[in-house]
Every structure is written in structure tokens, then in C-alpha cells.
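Step one of this worksheet: look at the structure below.
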Amino acid sequence: MAASWRTWLWRWGPPITVFAVALVAYVTSGDPWPWVYALGVVLVLAVLGARKRLGPVRTAAVGVAVADVLWLSAVPWWGWLLAAGILGLVAVAGLLAVRRLPAHGWQAITAGAVAGAMVVAGGAGWIVDARARAAQEALWAAQQHQENLSRILPTTPEEALRTLHSMIAQNRPDRACGLFDDTVQAQVARDYGADTCEAALAGLRGQVLDGPAYADVRVPKGEQGLEGDAGGWVNGCAVSFEGGWIAGTTGGSDPGPRLGQLHLHRVRPPRGGMIIDRYTPCPPEAGPRTGPLPTDPSDVADVLVDELAGTGDPAAVCRLFSPEGAGAFAGVYAAPDCPAAVGALRARIVDRDRYRRVLGGAKASPAAADGSVAVDACSLRWSMLTADGPQPPAGPQLGRLTVAAPPGQTGYWITGYQAC
């Protein structure tokens, strides 16, 4: 019986050990290339006729042994420990099987305990190393994400605000929300009563009256700044829009909502992109929002002429007036309110297209102590020549205007109105 065990162990023990080590080494390393080398060695041995002398199992074991060497040369300490422990357990089991060691002797117990401890220690090292590799891979992935994010994010506060306006105007809430960090995304969703940031900005897009004008946003001087290389800020409540007045598509009002005061930090200082990490909604306005008001008092008359020459809602034109100015304007035209006065003045326009193309003539006086400015719009000029020859004036003179900055806003609106 002992002889048969010795024969079996001599025949199958080495191949089993080689295959067991290969299996453990492959699982721990995750490297499949040694299998390719093993296959190459087996093919070479087969060509040389080793299969007839060694048999198919031992021939395969020689090739796998080469793979074992490659794996074990690359594995860390715990791999060697694990392999040695497995070999020790196989050796103890073999010696017990052929009765070279007594089953209850101290040698077998000690050898088995040491080999088992090596297997346990090697397995623990495997687990610790696997977790460390996973943590390192997660760190690399996070760093790569930060690098990629830094490359695509805006690099200045004004560029960030303009990009935000542009993405909302294009109805791309996913990309707009990508300009916010996770905390601000949650705040935006909460402030607009939506489930997600994307849903909030998709709803905000419904308030945009003119997409191109909304994207063409301007930040006044002093309403943005940098905080060294770390980040910056921009006041999105103080912006103006460039497209609304010329096209007349928004009736003189803002082409869309103002987005608030934004704080940004640079993802990868000193030259990386910026992400919005704080957001404060715009404070309630003291008066009605009148849109991108002219910043020069003498331009107020030209803007009013352009709006009067249009065919939009008369009430929208009245946003150019303060409540007192709207009342004075209605009184001059004996109208019950400002929209009715707009209708009365429009009825006196002979040629809307020519009336819009005023050639100047408004004169602004020096500002008064309270900041108001008197604008004489009783000498406006229009071209009298057309393809059909000389023509009468395109429409009535406007009158004498008093303009001032509305509370909490930039530009000028009409606070007083007198006939010429």
C-alpha cells in the first residue's frame, strides 16, 4: 500500500504542485502572458518528442513550470509566501500519505501549522494588496477626471457665466449643470423646486425670450474678479445683454432671467478651468426689470424711437419708463395709461422703417445733483430723401425727457416726460 502511494505521489505530486502554483499565481497577478510562454514551451517539447518520454501531463507541467517562474518573479512577498505555504501543505500531505511522518507526531503538526500560517499570511497580504491597488486606481481615475475637467471648464469667471447663459439658451441643461459642483447642483434644484439641476435649468429655458440675445451677455467692469490662482467671482445680477434692443424681439425687457452671484474655484491651479462652488440668487429688485437699459443718457431717445417704430406689445415699451415717467407720458397724449399713449404716438408715425433709423439730434444736459439728466428730443433728424424723392418727417418728435438710473440697476430709464 505504501509503495503504491509513493508511486502515485512521484507520478502526480509534481504536476499537481506546478498546476496549483500556476493557478494561484495567475489569480493573484492577473497577468495572462505566462500562459502564452507555457504553451510555447509545450509546443517546442512536443516537437522534440518529449511527450513520448515524459507523457502528456508531465510535458504540460514543464511548460506550466516556466509560467510559474515568470509569475513568481513578478509577484510581491505575499505571493512567495502563499506559494511556499501551498507547497508545504502538499509536502506534508504527501509525507503523511506515504507514512513518512506519523499523523499525530509533533513534526507533522508543526510543519502543517507553519505551512498553514504561511498560506493565511500570504492570503491576507493578497487581500491588503488588492485593496491598495483598487484605492490607487481610484485615485488615478479621480486625478484623470480632474485633469479632463480642468481642460474643458472655463478659465475666467466671465467666461463661466457666458458659457452658463449659452448652454441654457441652447437648451443644454446637462452641460450647464456640468459647470456646477455637486453641492451647487443640489442647491439649484432646490431653489427652483425641481428634482435635479438639469430639470431646474430646463424649466429656466422656458423663461428665455431670445436665445441669441440671452447668450450675448456682458459683465460690467468691477462686477467680476480673481482670487489669485485659487478662483474668482462674478456678479450675474449686474449683467447687460447686447442683442435685445436692436432686434426688438424682447420688447425692451431682458431676454431671460439673471442667474445670480457666482463664486468659482480653479480645479487644478494655477491655470486649470474653474467650477462654480457657491451660488447666491439675485436679490429682489426695487423696481420692475426694464431690460438692458442704455448706459448713455443721450441714447435713451434713440432706443425709445426704435421701440415705438416696432409693432410689439405697447406695455413692453412702457418698461422704459418709471411709474412717474409713464404717468407723465400718458398725460401728454391724454391717454388713460402708458400703453394707450404708446398706441397714440404710433398712430402718428408715417414711415416706421424710416422712423427707426433716426440720424441723431437728442441733446443731453449735464447731470443734476440727484443724478438725473434732461434730454431734449425735440430736434430728432431723419432722412427726408428716398427713392421716391423728398418725403415728410417719418413721425413726431419725442419730447423733453428726464432720465435717471433705476434703483439697483444700471443704465437709464425715463422718469419725466414733456411735450415739445
Side-chain angles (χ1 to χ4, degrees), residues 210 213 216 218 220-221 240-255 290-312 314 316-322 324-326 328-333 338 341-368 370-406 409-420:
D210 184 338
D216 195 10
R218 294 289 185 271
K221 184 178 180 180
S240 61
F241 301 91
E242 297 298 316
W245 286 117
I246 297 174
T249 56
T250 63
S253 63
D254 278 357
T290 61
L293 295 173
T295 56
D296 190 317
S298 60
D299 290 339
V300 175
D302 293 346
V303 172
L304 181 57
V305 166
D306 182 72
E307 292 298 309
L308 290 169
T311 58
V317 181
C318 293
R319 298 176 186 178
L320 292 171
F321 294 84
S322 70
E324 297 79 7
F329 178 59
V332 167
Y333 286 92
C338 178
V342 170
L345 194 154
R346 280 178 170 174
R348 297 169 57 184
I349 296 175
V350 177
D351 187 334
R352 291 182 182 275
D353 185 60
R354 208 157 43 89
Y355 192 72
R356 174 180 282 116
R357 296 198 297 270
V358 63
L359 300 178
K363 299 177 182 179
S365 301
D370 61 357
S372 63
V373 177
V375 178
D376 186 346
C378 292
S379 301
L380 301 179
R381 301 187 305 274
W382 293 273
S383 174
M384 301 297 183
L385 296 177
T386 67
D388 298 326
Q391 298 291 322
Q397 297 290 339
L398 283 183
R400 294 180 175 87
L401 318 177
T402 301
V403 300
Q409 301 180 31
T410 58
Y412 291 87
W413 65 356
I414 303 167
T415 59
Y417 189 94
Q418 296 178 348
C420 293

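In this text, all values refer to a predicted model and were calculated from it rather than measured experimentally. Just so it is clear, the values below take in all heavy atoms, side chains as well, and ignore hydrogens, waters and symmetry mates.
Side-chain contact check for Leu320 versus Trp413: every heavy-atom pair is 4.5 Å or farther apart. Taking the side chain as every heavy atom from C-beta outward, Val300 and Val373 never approach each other to under 4.5 Å.
The heavy-atom pair separating Ala330 from Ala341 by the smallest distance is CA-CB, 3.8 Å. The two residues Val375 and Pro297 make their nearest non-hydrogen contact at CG2-O, 3.6 Å. In this structure, Ala301 and Ala362 approach most closely via the heavy-atom pair CB-CB, 3.9 Å. Considering every non-hydrogen atom in both Ala326 and Cys338, the closest pair reads CB-CB, 3.8 Å.
Gln397 meets the side chain to side chain donor-acceptor pair (under 3.5 Å) test with no other residue; sequence neighbours excluded. Qualifying side chain to side chain donor-acceptor pair (under 3.5 Å) partners for Ser372, counting only residues two or more places apart in sequence or in other chains: Asp370. For Thr402, there are no side chain to side chain donor-acceptor pair (under 3.5 Å) partners at least two apart in sequence or on another chain. Listed by chain and residue number, Phe321, Tyr333, Tyr417 satisfy the ring-ring contact (aromatic ring centres under 6.0 Å, His included) test with Phe329 (two or more places apart in sequence, or in another chain). For the side chain to side chain contact (heavy atoms under 4.5 Å, CB included) test, no residue two or more places apart in sequence or in another chain qualifies with Val350.
Atom CG of Asp302 is separated from atom CG of Leu380 by 7.5 Å, given to the nearest 0.5 angstrom.
Between Leu398 and the options Asp376, Val358, Leu308, Ile414, a side-chain contact (heavy atoms from CB on, under 4.5 Å) holds for only Leu308.
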*Taking it one step at a time, do Val342 and Cys318 satisfy side chain to side chain contact (heavy atoms under 4.5 Å, CB included)?*
CA-CA 8 Å; Val342 170; Cys318 293; 3.9 Å; yes
